Number of protein chains: 2
Amino acid sequence: MKRPTIADIARRAGVSKGAVSYALNGQPGVSEATRQRILAIAEEIGFTPNSAARALSGATANAVGLALRRPARILGLEPFFMELISGVEAELSARSYALTLQVVADPEAEIAVYRRWWGERRVDGVLLCDLRIDDRRVPVLEQLQLPAVVIGGPGHTGGLASVWADDAAALAEAVEYLVALGHRRIARVGGLPELLHTEIRTRAFTDACARLGLSEAVTVACDYTGEQGGRATRRLLSAARRPTAIVYDNDVMAIAGLAAAHELGLAVPGDLSIVAWDDSPLCRLVHPSLTALGRDIPAYGAHAARALLAVIAGDQVGAYQHDTPHLKPRGSTAPPR
Amino acid sequence: MKRPTIADIARRAGVSKGAVSYALNGQPGVSEATRQRILAIAEEIGFTPNSAARALSGATANAVGLALRRPARILGLEPFFMELISGVEAELSARSYALTLQVVADPEAEIAVYRRWWGERRVDGVLLCDLRIDDRRVPVLEQLQLPAVVIGGPGHTGGLASVWADDAAALAEAVEYLVALGHRRIARVGGLPELLHTEIRTRAFTDACARLGLSEAVTVACDYTGEQGGRATRRLLSAARRPTAIVYDNDVMAIAGLAAAHELGLAVPGDLSIVAWDDSPLCRLVHPSLTALGRDIPAYGAHAARALLAVIAGDQVGAYQHDTPHLKPRGSTAPPR
DNA sequence: CTGAAAGCGCTTACAG
DNA sequence: CTGAAAGCGCTTACAG
């Protein structure tokens with residue numbers, strides 16, 4: 001079954017291939033009557049332009065790349081990426097762009113993937129996740145002149161476009177809420193310290209605690225896994241003056257923290273209040289359901305995809321601020337008893 | 001910054017473009033000395049073949065497609081797909097194949113995506129998930145002659161290659177285990193009834209219960225969400241003769257079931273034993289940790305990817321059986337009291 | 001073993 | 001408004 005080409009359409013319509021191309025792409029250069037006739041024939045024979053041929057002449061691959069640097073174990077567990085991807089994808093497919101996905105093991109591999117994509121012209125641009133402080137990927141992408149949008153910030157994005165959310169404000173809201181409930185000893189179980197947003201949240205946490213007159217503001221650095229989240233929680237709760245509230249940097253660690261509290265015979269929220277980051281369905285799956293800093297992750301991904309398509313189109317794109325995550329109080333927070 | 005092409009290499013090496021192509025692809029037609037010289041130059045100037053040009057002449061896109069038909073909400077939550085993707089991806093990237101992902105809303109959209117991919121020659125083959133009984137995608141793929149591997153079965157795959165696991169045997173093992181513990185009233189919270197593997201599991205459950213002399217074998221049909229899983233559990237546990245054990249078709253519903261039992265004041269595993277399907281890290285996140293039917297999902301995905309590459313290479317591929325999921329007993333199962 | 005050439009299916013100046 | 005042609009960067013018969 002041979003795929004129809006513009007040559008087939010041209011023959012049928014009795015015009016040149018060029019005319020078919022113009023008609024199909026809405027370019028001037030053909031009369032309206034001819035255009036309609038060509039479109040009808042294309043429709044009739046089920047024509048779909050060959051993406052390789054198009055990429056070869058037009059220089060656009062109509063695809064966008066996303067490299068994810070996390071082990072399968074963590075990737076599978078965190079709802080974040082799948083939600084992000086589905087948001088990105090919704091925006092892309094509406095514009096007939098494909099999403100090319102690659103899981104990478106380390107920064108070297110990720111940079112190699114960008115170089116390869118660029119060399120192969122396989123993608124027209126990329127989305128950058130998990131921005132780090134002094135991120136080595138940023139100068140590489142700038143040098144390659146590969147269109148890119150950083151999902152993260154603010155700052156540290158070099159000359160690249162970005163979409164970011166105000167994590168600092170969100171974390172401050174959570175701390176204020178806990179203090180308003182009467183908590184004075186609040187701890188935090190953080191994500192990977194080398195990630196920029198972890199740094200931003202840690203500083204916001206320290207600042208908020210200081211501003212509200214709390215004497216201590218302990219952050220334990222973890223890696224987003226339930227294993228480390230549970231262990232950190234056990235350690236915090238075994239201390240002499242244990243915290244009455246813990247803020248977690250993702251939902252998975254928060255759930256592990258909840259289980260750890262149960263193991264230690266502590267009631268949630270009676271003995272311990274818990275706030276999770278990312279209000280995924282996981283938070284409503286457990287008992288009590290978790291108070292969380294919620295955000296619409298698919299919308300965040302869609303926003304980033306839109307920004308990337310603008311960059312690819314040659315628009316001047318800076319740093320777009322996305323909605324600030326907001327607190328969703330549920331059963332896991334209450335006044336300390 | 002212009003990307004280097006084979007013409008650049010040819011000029012530098014003082015040979016024809018054809019010779020460069022042969023050398024780069026390990027084809028006969030160039031002397032070993034010439035080949036080495038060409039490879040060295042390619043390496044030196046950082047040559048990467050343009051994938052569009054390659055696809056246009058060689059007829060292979062070096063990409064594989066995966067369409068996922070689930071709402072973002074569910075997709076994000078279930079570790080299954082991310083683990084599957086990371087396994088697929090690991091296998092593909094080792095062979096320099098890209099993975100093109102698309103999230104679709106319904107069967108029509110999914111079939112349209114296959115047609116488009118085929119027309120655009122954007123992918124060399126596709127992976128089919130969530131096989132249904134009388135699945136309309138199967139004849140479409142056969143007709144398009146788009147290389148495909150079904151992840152699922154056995155049976156109902158038409159002439160397509162497939163990779164499947166013996167869910168029936170796994171479910172029987174779980175039921176036998178529960179009966180050995182002393183359970184006589186076992187219920188099941190199942191996945192989407194239109195999926196083939198749900199049907200297979202339901203039949204296996206009914207058969208195992210009958211074989212072991214249990215008088216009833218209730219399966220409640222759900223959709224894999226925690227919401228429905230929790231509701232089904234509440235209903236089952238509110239009945240006059242409530243089950244002492246429930247087997248769930250995924251981990252998310254099992255966790256929701258655990259929370260529902262807690263809400264109703266029932267102890268797990270004292271009053272209710274729980275078995276989950278898919279031993280994701282979620283199962284070890286909750287307290288008690290969940291007994292689960294475990295399987296290596298990334299390996300399953302890698303297996304499917306290998307099969308697909310074989311189909312693309314023109315090999316005759318039938319139905320490969322993958323490892324049978326096996327029971328991992330943990331804290332959520334015990335003799336009924 | 002090597003070179004020159006055609007061709008993959010498009011897009012896009014360039015003439016009429 | 002339309003046609004004929006060149007070109008994107010490869011691969012692959014086809015001659016030497």
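In what follows, chains carry the letters A, B, and so on, assigned in the order in which the sequence lines appear, proteins first and then strands, with residues in each chain numbered from 1. A quick note: this is a predicted structure, and the numbers were derived from the prediction, not measured.
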Whichever of A/Pro28 and A/Lys17 has its nearest DNA chain D nucleotide further upstream toward 5': A/Pro28
Main-chain N/O of B/Ser51 paired with A/Glu120 side-chain donor or acceptor, under 3.5 Å: no
Nucleotide nearest A/Thr5 (side chain, heavy atoms from C-beta), chosen from C/dG9, D/dT2, D/dC10: C/dG9
Interatomic distance where CD1 belongs to A/Ile6 and P belongs to D/dA5 [whole Å]: 15 Å
Sole residue of A/Glu194, A/Glu108, A/Glu110 in salt bridge (Lys or Arg N to Asp or Glu O under 4.0 Å) with A/Arg69: A/Glu110
Neighbour count above 12 (heavy atom, 6.0 Å) for A/Glu43 CD: no
Whether A/Ser21 side chain and A/Lys17 backbone form a donor-acceptor pair below 3.5 Å: no
Presence of B/Arg54 side-chain N/O under 4.0 Å of D/dG9 phosphate oxygens OP1/OP2: no
Donor-acceptor under 3.5 Å (B/Asn62 side chain, B/Tyr97 main chain): no
Length of the line joining B/Arg122:CZ and C/dG9:P, which is rounded to integer Å: 17 Å
For atom CG of B/Asp8 and atom P of D/dC10, their distance in whole Å: 9 Å
Length of the line joining B/Leu24:CG and D/dG9:P, which is rounded to integer Å: 15 Å
B/Phe47, nearest nucleotide to its side chain (from D/dG3, D/dC10, D/dT2): D/dC10
Separation of atom CZ in A/Arg121 from atom P in D/dG9, rounded to whole Å: 8 Å
Phosphate-side-chain proximity, A/Thr34 and D/dT2, N/O vs OP1/OP2 below 4.0 Å: yes
Proximity to the side chain of A/Ser21 - top-ranked nucleotide from C/dG9, D/dC14, C/dT12: C/dT12
Nucleotide nearest A/Ala53 (side chain, heavy atoms from C-beta), chosen from C/dG9, D/dT2, C/dC1: C/dG9
Protein-nucleotide distance (A/Asn62, atom CG; C/dG9, atom C1'), rounded to Å: 15 Å
Which nucleotide in D/dC10, D/dT12, C/dC14 has an atom nearest any side-chain atom of B/Tyr22: D/dT12
Closest to side chain of A/Ser16, choosing from D/dG3, D/dT11, C/dC10: D/dG3
Distance, rounded to the nearest Å, where A/Leu56 contributes CG and D/dC8 contributes C1': 4 Å
A/Gln102 and A/Arg116 side chains, donor-acceptor separation under 3.5 Å: yes
Side-chain N or O of A/Ser31 closer than 4.0 Å to phosphate OP1/OP2 of D/dT2: yes
Sugar-phosphate only, base, or nothing, as touched by B/Val20 at under 4.0 Å among non-hydrogen atoms: nothing
Backbone N/O of A/Val30 and side chain of A/Thr34: donor-acceptor pair under 3.5 Å: no
Given C/dC10, D/dC10, D/dT12, the nucleotide with the shortest approach to the side chain of B/Gln27: D/dT12
Protein-nucleotide distance (B/Ile9, atom CD1; D/dG9, atom P), rounded to Å: 13 Å
DNA chain D stem ranges, 3 or more consecutive Watson-Crick or G-U pairs under 3.5 angstrom: C:1-3 with D:14-16, C:5-12 with D:5-12, C:14-16 with D:1-3
Side chain of A/Val30 (C-beta onward), nearest among D/dT11, D/dT2, D/dG3: D/dT2
Nucleotide nearest A/Asn50 when distance is taken to its side chain, options C/dG3, C/dG9, D/dC10: C/dG9
A/Trp118 side-chain N/O to A/Leu144 backbone N/O, donor-acceptor pair under 3.5 Å: yes
